[in-house]
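Numbers here are sequence positions counted from 1. Keep in mind that the numbers below use all heavy atoms, side chains included, and drop hydrogens, waters and symmetry copies.
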Amino acid sequence: MDPILLARIQFAANISFHILFPTITIALGWVLLFFKLRFNSTRDEAWMDAYRFWVKVFALSFALGVVSGITMSFQFGTNWPGFMERVGNIAGPLLAYEVLTAFFLEATFLAIMLFGFSRVPGWVHTGATFLVAFGTTMSAFWIIVLNSWMHTPQGHEMRDGVAHAVDWAAIVFNPSMPYRLTHMLIASALTVAFLLAGISAWRWLKGDRAPAVMAALRTGVVMGAVLAPVQAFVGDLHGLNTLEHQPAKVAAMEGNWETRGHVPLVLFAIPDEANRTNRFEIAIPSGASLILKHDPAGVVPGLNDFEGKHPPVAPVFYAFRIMVGVGLLMIAMAWAGAWFLWKRGTLPVLMLRGFAVMAFAGWVATLAGWYVTEIGRQPWLVTGVLTTAQAAGPVPAMAIGSTLVTYLVLYVLLLGAYITTIYRLAKKGRVAEATDGSMVKPGSAPGEMVA
């Protein structure tokens, strides 16, 4: 295979594995802070029990996130030396800012957060939880700043083929950064919301009726109900920003080949890039023009305007529909769950099972969205500045392929161990008092409705 394609697949595999864990830790840190503050204000042990369980999930996710991130930095020097050679004056400082403002903060206070329950005053432990949560968000901020600058570069000038910073404010607050950052932070919150609801629903179905389980379940359902529609709104704004700055990506997302008005919203199709058309298309007339231009007759750019300079259509097209489909399912599930909790104070068993199945749905939506973003940038690595081919190093295909296989095997094993560990932690839930006052051990059959 082409060494450049192999290198792209290898980096995609690394970042796909890595992004799973920051997606959890970014928002879970703030959820843990919420649990701790609720305990501080109510002295209800249920909130502290929820904290103790979920801080283990945080620690596990944090550890895998750090380890998996290291391999990506190695690839800048092996597979992609042209990236730092051409734009290192900007990428280097931004990555350093992440370490100085985020990683050191997390590393300093993580031990207090994990082991300081009874060793430090309560306010110190709460403060440590806040600082770790703040550190994870700052880490996301700097990474999104760099990634956004690669999509919509500003504040630099090229000298002898090398980018030099001339305006750091323009670099940091580049045109796409606010949309990407907001979209990513909400994606993290939704991932955690459904993880909370899904694992808690699974625990309840297994007979763990501890108050902490229901506290986490309610928190997850309410988070999902509030944030899922907000994410849809932010996604629309992000799409409009992308249309302005990366029209070829939007054309691939929509499967639109010709620049025209009354562009249909394609629900399903098989993009045929060779013949520049869609096969088996199912579409809503003028839907894409209405969404992207807020006018049924609005003119939307087509892929034929960018022939040879647009991303591969099929991966972007399908990934976008997976992201949207999972997002709509999240809205439906969260709203239905919130309605049952509000009206009846209970969730039916069928809905509990649905949440249990969707425990890791946020990962699916996040990965699909990430593929839309990153594949949709091709053939550019830094839009208008550096192509992917220009950044690739002279590494033989055999060397890249062998390490790729090693990475994939290792990642499958680690991911399996991670998910297995979470469910084993959940299975160890303490014997809880049932709603009728009897003691229910994990594994006993639940009733048709839960309190």
Side-chain angles (χ1 to χ4, degrees), residues 4 7-8 11-12 15 69 72-103 137-185 237-252 301 303 305-312 316 370 372-395:
I4 296 178
R8 287 177 58 197
F11 195 82
I15 201 168
M72 291 193 302
S73 62
F74 286 159
Q75 290 182 44
F76 288 139
T78 57
N79 295 353
W80 307 104
F83 177 73
M84 282 300 182
E85 290 174 359
R86 186 73 65 90
V87 300
N89 292 325
I90 294 169
L94 292 178
L95 293 173
Y97 295 155
E98 186 222 355
V99 174
L100 293 173
T101 64
F103 190 72
T137 303
M138 286 301 298
S139 179
F141 172 80
W142 289 115
I143 294 301
I144 293 298
V145 165
L146 174 56
N147 182 263
S148 299
W149 181 83
M150 292 166 65
H151 284 267
T152 54
Q154 301 283 324
H156 69 283
E157 65 179 18
M158 302 301 295
R159 303 175 198 160
D160 300 324
V162 176
H164 292 266
V166 295
D167 185 348
W168 278 106
I171 290 171
V172 172
F173 300 101
N174 61 80
S176 65
M177 189 278 288
Y179 302 95
R180 294 182 193 281
L181 179 64
T182 306
H183 202 50
M184 185 62 208
L185 292 180
L237 296 178
H238 190 189
L240 296 178
N241 177 265
T242 304
L243 177 63
E244 178 181 356
H245 297 281
Q246 295 175 298
K249 180 191 293 187
V250 174
L303 288 162
D305 289 353
F306 310 97
E307 190 167 0
K309 294 183 179 180
H310 64 70
V316 177
W370 199 254
V372 171
T373 297
E374 299 308 306
I375 299 175
R377 182 176 54 196
Q378 295 300 317
W380 297 103
L381 194 58
V382 180
T383 304
V385 175
L386 177 67
T387 66
T388 303
Q390 290 171 336
V395 184

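- Nearest approach of H156 to A163, heavy atoms of both residues: CD2-CB, 4.2 Å.
- Note that CG of L386 is 7.5 Å distant from OG1 of T388, once rounded to the nearest 0.5 Å.
- K309 NZ to L303 CG: the interatomic distance, rounded to the nearest 0.5 Å, is 15.0 Å.
- The minimum heavy-atom distance between L95 and M84, with the atom names listed, is CD1-CE, 3.8 Å.
- What you find for S139 and A102 is that their closest heavy atoms are N-CB, 3.4 Å.
- The CD1 atom of I144 lies 10.5 Å from the NE2 atom of H183; values are rounded to the nearest 0.5 Å.
- The distance from atom CH2 of W370 to atom CE of M184, rounded to the nearest 0.5 Å, is 6.5 Å.
- In this structure, Q154 and P175 approach most closely via the heavy-atom pair CG-CD, 3.3 Å.
- Across all non-hydrogen atoms, the minimal contact from A251 to P301 is CB-O, 3.7 Å.
- At least one donor-acceptor pair closer than 3.5 Å links the side chain of T383 to the backbone N or O of H151.
- Judged purely by atom type and a 3.5 angstrom limit, K249 has no side-chain atom pairing as donor or acceptor with the backbone of P311.
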Review point. Between L94 and I171, does a side chain to side chain contact (heavy atoms under 4.5 Å, CB included) hold up when you go through it step by step?
Key: CA-CA 10 Å; L94 292 178; I171 290 171; 4.3 Å; yes

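- F83 CZ: more than 12 foreign heavy atoms inside a 6.0 Å radius.
- No side-chain heavy atom of F173 sits less than 4.5 Å from a side-chain heavy atom of D167.
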Exercise for review: Begin from the C-alpha positions of Q378 and V316 and carry the test side chain to side chain contact (heavy atoms under 4.5 Å, CB included) through to its verdict.
Suggested key: CA-CA 10 Å; Q378 295 300 317; V316 177; over 6 Å; no

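- Panel note: side chain R86, backbone G161; a donor-acceptor pair is recorded below 3.5 Å.
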Review point. I90 and W149: side chain to side chain contact (heavy atoms under 4.5 Å, CB included), yes or no, with the steps?
Key: CA-CA 9 Å; I90 294 169; W149 181 83; 3.2 Å; yes

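- Ring planes of W142 and Y97: tilted class, angle from 30 to 60°.
- Using a distance-only test at 3.5 Å, with no hydrogens or angles considered, no donor-acceptor pair links the side chain of N89 to the main chain of H164.
- T152 contributes atom OG1, which lies 6.0 Å from atom CZ of R180 (distance to the nearest 0.5 angstrom).
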Point to revise | W80 vs E85, side chain to side chain contact (heavy atoms under 4.5 Å, CB included): CA-CA, chis, key distance, verdict | key: CA-CA 9 Å; W80 307 104; E85 290 174 359; over 6 Å; no

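- Residue L146 holds its CG atom at 6.0 Å from CE of M150, rounded to the nearest 0.5 Å.
- Closest approach of T373 and N147 over heavy atoms only: CG2-OD1, 4.4 Å.
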